[in-house]
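By convention in this document, chain letters (A, B, ...) are assigned in the order of the sequence lines, proteins followed by strands, and residues within each chain are numbered from 1. Worth saying up front: this structure is predicted, and the values here are computed from it rather than measured.
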Protein chains: 2
Amino acid sequence: MTARHDTVRQGLAAAGTFVSAQDLHARLRAAGHRIGLTTVYRALAAMAGGGEADVLTADGQQVYRACGTGEHHHHLVCRSCGKTVEVSGPAVERWAEAIGGEHGFVDITHTVEVVGTCADCAGQPAPATPRPHG
Amino acid sequence: MTARHDTVRQGLAAAGTFVSAQDLHARLRAAGHRIGLTTVYRALAAMAGGGEADVLTADGQQVYRACGTGEHHHHLVCRSCGKTVEVSGPAVERWAEAIGGEHGFVDITHTVEVVGTCADCAGQPAPATPRPHG
DNA sequence: TTGGGTGCAAATGATTTGCAACATC
DNA sequence: GATGTTGCAAATCATTTGCACCCAA
């Protein structure tokens, strides 16, 4: 709950972008930490559950990212280099609530992900992972 | 490409809500179709790629849903019964573009999912799959 | 000593792939 | 005959679980 979990927490923060559990585990081992894959999974799950990390699914894998504030926000992700910017948009929050209400839904939650090509990568060949509409 | 794929297409349409490949395969077999799981996977992948179906990940599984129009839209999903309403929101589209532009991103795509409890299910115990912020 | 955290190894389960049979042109 | 589809069985691979071990209270 503490020492190891803290290692994971710091490793995730150090990564800066979205990383998979496997990836993070490899990085930690490479950095000399003696930690098991299982523990990384467990720590990440705990962090995600506690709002300390964001999770999303890419290519059938769960990828995690340290979540600074713990407050509600969304992500703008570069499809090429993976760079991520945390953004917030009151307009979207309001829209989601309104749409839900219109259809009689209550207790509305929403997930928004904006993907694009960042300025640095525009003009260079984009490696993969396009994402059609959703 | 045709007979079997059409079986899958129709099966998906008949399902009405999000179903997994495994689930859809089981339904088709139950309905007397002689079709392989592999083919169901391939057909669904093709449909998803061609905009005929929407995909999203739930509980580590990919779930698919027939997508009527092929046009860009989003989903309002009931967390309890899975009922889905297709919604569209110009406001969100504009917001995504604007946010991307502000940060120098181009070729913006976005994914939005609104989850709530529908009128029918409100008041009844919600079985599972909550979804924290994203 | 007691309970929770840890990690190895094995299990699980969705998805993919190799390949041979089959239909269609 | 060539080309593309199908589906079985086996392979793949992320994630989870069983269980023994070890540390801190």
Participant: Which whole-number value in Å describes the distance from A/Ile35 CD1 to C/dG5 P?
Facilitator: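 The distance from CD1 of A/Ile35 to P of C/dG5 comes to 14 Å, rounded to the nearest Å.
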Participant: Determine the interplanar angle of the A/His74 and B/Trp95 rings, folded into 0 to 90°, and report it as parallel if under 30°, tilted if 30 to 60°, perpendicular if over 60°.
Facilitator: perpendicular
Participant: Rounding to a whole Å, what distance do you find between B/His25:NE2 and D/dT6:P?
Facilitator: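 Distance check: B/His25 NE2 to D/dT6 P gives 13 Å.
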Participant: Under 3.5 Å, side chain of A/Arg4 to main-chain N/O of A/Thr39, donor-acceptor pair present?
Facilitator: no
Participant: In Å, rounded to the nearest 0.5 Å, how long is the span from CZ of B/Arg65 to CG of B/Leu12?
Facilitator: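 The CZ atom of B/Arg65 sits 8.5 Å away from the CG atom of B/Leu12.
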Participant: Find every protein N or O atom lying less than 3.5 Å from an N or O atom of nucleotides 9-16 of chain D, and list the pairs.
Facilitator:
from, atom 1, to, atom 2, distance (Å)
D/dT15, OP1, A/Gln62, N, 2.9
D/dT15, OP2, A/Tyr41, OH, 2.7
D/dT15, O5', A/Tyr41, OH, 3.4

Participant: Rounded to whole angstroms, how far apart are CG on B/Leu44 and C1' on C/dT15?
Facilitator: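 The answer, rounded to whole Å, is 12 Å.
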Participant: Output yes when a side-chain donor or acceptor of A/Arg27 lies under 3.5 Å from a complementary backbone atom of A/Gly11, and no otherwise.
Facilitator: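 It does not hold such a pair.
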Participant: Given atom NE2 of A/His33 and atom C1' of C/dT6, what is their separation to the nearest angstrom?
Facilitator: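 Nearest whole value for this atom pair: 16 Å.
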Participant: How far does CZ of A/Phe105 sit from OG1 of B/Thr117, to the nearest 0.5 angstrom?
Facilitator: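 So the CZ of A/Phe105 and the OG1 of B/Thr117 are separated by 8.5 Å.
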Participant: Write down the distance between CG (B/Asp23) and P (C/dG13), rounded to a whole number of angstrom.
Facilitator: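 Taking CG of B/Asp23 and P of C/dG13, I get 16 Å after rounding.
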Participant: Suppose we call two aromatic rings close when their centres sit under 6.0 Å apart. Are B/His25 and B/Tyr41 close by that rule?
Facilitator: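 Not close enough - the centres of the two rings lie 6.0 Å or further apart.
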Participant: If every non-hydrogen atom of A/Tyr64 is compared with every non-hydrogen atom of A/Leu44, which pair is closest and at what distance?
Facilitator: CD1-CD1, 3.6 Å
Participant: Rounding to an integer number of Å, can you tell me how far B/Arg34 CZ sits from D/dC8 P?
Facilitator: 10 Å
Participant: What is the distance, to the nearest angstrom, from the CG atom on A/Asp59 to the C1' atom on C/dT15?
Facilitator: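 So the two atoms are 13 Å apart, to the nearest Å.
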Participant: Within the structure provided, determine whether B/Asp6 and B/Arg9 are in side-chain contact (heavy-atom separation under 4.5 Å).
Facilitator: yes
Participant: Find the bend of the helix from C/dT1-D/dA25 to C/dC25-D/dG1 as the angle between its two terminal axes (five pairs each), to the nearest 10°.
Facilitator: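 Terminal axis comparison yields 10°.
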Participant: Atom CZ of B/Arg29 to atom C1' of D/dG7: distance rounded to whole Å?
Facilitator: 9 Å
